[in-house]
Amino acid sequence: MSQNLHIYNTINRKKEEFVALNPPFVGIYVCGPTVYGDPHLGHARPAITFDVLFRYLVFLGNKVRYVRNITDVGHLENDADEGDDKIAKKARLEQIEPMEVVQYYTDRYHTFMDMLNVKKPSIEPRASGHIIEQLLLIEEIEKNGFAYEKNGSVYFDVEAYSKKYHYGKLSGRVLEDLYSNTRSLDGQSEKKNSFDFALWKKALPEHIMRWPSRFGDGFPGWHLECSAMSTKYLGEEFDIHGGGMDLLFPHHECEIAQSVAASGKETVRYWMHNNMITINGQKMGKSLGNFITLEELFSGQHAVLTKAYSPMTVRFFILQAHYRSTLDFSNEALTAAEKGFERMIEAYNNIDKIKTLDNSTVNIQDIRNKCLDALNDDLNTPIVIANLFEVVKNINSAIAGTESFNVENIAECKKLFDDFVFNIMGLVAETSSSGNEILSNVVDLLLNERIEAKKRKDFAASDRIRNELTALGIEIKDTKEGFEWKLKN
RNA sequence: GGUCUCUUGGCCGAGCGGCUAGGCACCGGUCUGCAAAACCGUCUACUCCGGUUCGAAUCCGGAAGAGACCUCCA
């Protein structure tokens, strides 16, 4: 069943028509967060990108099962498979149970994803809840001769694997290069080759996160969970696997190797990777310490922020760039997004103010088709937004009397916004609440006084009312009928 | 060092060989008592050097700069 959706498949480096394996069912797996720190802007990008994909596939009439995991064990400090588990480290630092760390940051993640209006995935599996599945996967890999045990740890044998399969097909890595490039790392490893990766790590006495296995007490390697859980919930072959570009290598490359080593099958049909958010041209990342948490962003509490930005401003900002482009953070860019989004919502709220005519000078259907084309072209949300601004202009012009809408246009317009802005792109009209009823009445009273003052030509009085209300954060708009106002957030 | 990617107007960002998005800012006009909002208009960019082509921001080659991955990161 063709739906004309084309997506860029990282594994072939080109756009391909999306054809579901078992239509109308679509399976998506996306790498979720490792819950050892507060969610930051970088987490928002894949969450929103794949949320839009999820929403759009549903919009197209598919039955989508969207799996996004929580990594709560096994993610080591560095991928030489040495060092500490990130969560265990945090737990020791704060003198709490690892699962308390996991619970806290999982809740935080959910809170902020809700604020960004990111839909909950169909299934949100945790690595620690799938230890058995991971151990079974190790059995398979070992049985097929692609793993070896050393001192209670089990490693994936990349060399053995690459004799039969192509290791590096996703990332374009060449094994020979890996030999020369990684050999310089410390030689005390248990691994045959430095590019081998852990499937299971022996737990040292001080490790608090540990599970029994026939190799002894230990914990699973980082890449294993995604292979185990995606297979469990989506099958040995499924449609789309997504994640950040930084996970391409080694994480996703290892996932492919593990799955192929275990089942002999290519599990994933379409690989999708979102690009990074940069700040001052540099990747915003945990390790660089230049990240801005979502809490800081929404509250404005960060040295580089000149003000707070609302969740929808952030969502709109992210959607204004294509997901495969880097997106540079700056106050100017955020402010521009904020104003643009406000204007768009304002237009939507004003649709009913249009006085319909018999004739029509606008073509909403044409714009609708352009929006669909844009989404079908690898989820090109910036083009969708550009087209929607055409409609914004149409609406404002119609109110100003320079364009004409007929009755159908009004309905088309509302449908367009409902489908694309709210439903597919998941934006929400943040109603800058007009406070309570008393406030509302008081402001109306003052503004009516102002109209009286204007009638008396007492402009000093009318300007004073306007200026003081403005100073209090109330935005006043004079209209032919009288006035409009709203609280400025 | 290896692999890969990017370089667009004041800023952010589309673009995938001709029709030269969009947002924000700026400037002029309309509206207004004056503003704000809105509308109309102006501003017209593609890092550099070669090449292909009737025609290139878009394709090819080279240079410069930036970034990502090769270590945890979305």
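Reminder, nothing fancy here: chain letters follow the sequence lines and each chain counts from 1. Keep in mind it's a predicted model, so treat the numbers as computed, not measured.
Across the P atoms, B:rG10 and B:rC6 are found 23 Å apart, a figure rounded to whole Å. The same atom, P, is picked in B:rG13 and in B:rU3; the two are 29 Å apart, to the nearest Å. Between the C1' atoms of B:rC59 and B:rC46, the separation comes to 16 Å (whole Å). Straight-line distance between the C1' atoms of B:rA14 and B:rG22: roughly 7 Å, to the nearest whole Å. Here the separation of B:rC69 from B:rG62, taken at their C1' atoms, is 25 Å to the nearest Å. If you take atom C1' in B:rC24 and the same atom in B:rC31, they sit 23 Å apart, rounded to whole Å.
Note on A:Gly42: a base of the nucleic acid sits closer than 4.0 angstrom, heavy atoms only. Counting any heavy atom pair closer than 4.0 Å across all strands shown, A:Met276 reaches a base atom.
Listed by chain and number, the residues in a side-chain hydrogen bond (donor to acceptor under 3.5 Å, both in side chains) with A:Lys286 amount to none (sequence neighbours excluded).
A centroid separation of 6.0 Å or more is found between the aromatic rings of A:Tyr105 and A:Tyr36. Checked against a 6.0 Å centroid threshold, the rings of A:His6 and A:Phe18 do not count as neighbours.
Straight-line distance from the CD1 atom of A:Ile385 to the C1' atom of B:rC24: 13 Å, rounded to whole Å. Taking atom CD on A:Glu342 and atom C1' on B:rC24, their separation rounds to 12 Å, with Å as the unit. In this structure, A:Asn394 places its CG atom 13 Å from P of B:rG22, rounding to the nearest Å. The interatomic distance linking A:Leu319 (CG) with B:rG23 (P) rounds to 16 Å, in whole Å. Spacing between atom CD of A:Glu390 and atom P of B:rG22 amounts to 6 Å, rounded to whole angstrom units. A straight line from CD of A:Glu253 to P of B:rU3 spans 16 Å, rounded to a whole angstrom. In this entry the distance linking NZ of A:Lys286 with P of B:rC69 reads 16 Å, nearest Å. Atom-to-atom, CE of A:Met245 to P of B:rA68 comes out at 13 Å; the value is rounded to the nearest Å.
Comparing B:rG23, B:rC39, B:rA68 by their nearest atom to the side chain of A:Phe389 picks out B:rG23.
Here the CD1-NZ distance, from A:Ile410 to A:Lys355, works out to 11.0 Å after rounding to the nearest 0.5 Å. Taking NE2 from A:His110 and NZ from A:Lys120, the interatomic distance works out to 7.0 Å, rounded to the nearest 0.5 Å.
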Result block: side-chain N/O donor-acceptor pairs under 3.5 angstrom for residues 459-470 of chain A, not counting sequence neighbours:
from, atom 1, to, atom 2, distance (Å)
A:Ser462, OG, A:Phe459, O, 3.2
A:Asn467, ND2, A:Asp463, O, 3.2
A:Thr470, OG1, A:Arg466, O, 2.7

Just list the side-chain donor-acceptor pairs under 3.5 Å for residues 384-397 of chain A, sequence neighbours left out, or say none.
from, atom 1, to, atom 2, distance (Å)
A:Asn387, ND2, A:Ile383, O, 3.0
A:Asn396, ND2, A:Val392, O, 3.4
A:Ser397, OG, A:Lys393, O, 2.8

(request) Give the B/S/- string for nucleotides 25-37 of chain B, one per nucleotide from 5' to 3', where a protein heavy atom under 4.0 Å of the base yields B, of only the sugar-phosphate yields S, and otherwise -. (result) S-------BBBBS

(message) I need a per-nucleotide contact map over nucleotides 5-16 of chain B, read 5' to 3'. Cutoff is protein heavy atoms under 4.0 Å; write B for the base, S for backbone only, - otherwise.
(response) ------SSSSSB

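Remark: B:rA37 base-pairs with no nucleotide in the shown strands. Criterion, Watson-Crick or G-U wobble with two distances under 3.5 Å. Using N1 to N3 plus N6-O4 or O6-N4 for Watson-Crick, or N1-O2 and O6-N3 for G-U wobble, each under 3.5 Å, B:rG22 pairs with B:rC12. Using the Watson-Crick or G-U wobble rule with both distances under 3.5 Å, B:rU7 pairs with B:rA64. B:rU53 makes up no base pair with any nucleotide shown, lacking Watson-Crick or G-U wobble contacts both under 3.5 Å. Across all strands shown, B:rC70 is found opposite B:rG1 as a Watson-Crick or G-U wobble partner, with both distances under 3.5 Å.
Looking at which nucleotide of RNA chain B each of A:Gly172 and A:Ala337 is closest to, the 5′-most match is held by A:Gly172. Between A:Gly32 and A:Glu403, the residue whose closest nucleotide on RNA chain B is further toward the 5' end is A:Glu403.
Applying the ring-ring contact (aromatic ring centres under 6.0 Å, His included) test to every pair with at least one member in residues 329-348 of chain A, sequence neighbours left out, gives these pairs: A:Phe316-A:Phe341, A:Tyr348-A:Phe417, A:Tyr348-A:Phe422.
Taking the six-membered ring where tryptophan is involved, the planes of A:His252 and A:Trp271 are tilted, since the angle between them lies from 30° to 60°.
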(message) Run A:Asn69 and A:Glu124 through side-chain hydrogen bond (donor to acceptor under 3.5 Å, both in side chains) and show every step you take.
(response) CA-CA 5 Å; A:Asn69 70 298; A:Glu124 191 172 50; over 6 Å; no

(message) side-chain hydrogen bond (donor to acceptor under 3.5 Å, both in side chains) for A:Thr356 and A:Asn406? Distances and angles first, verdict last.
(response) CA-CA 5 Å; A:Thr356 56; A:Asn406 60 27; over 6 Å; no

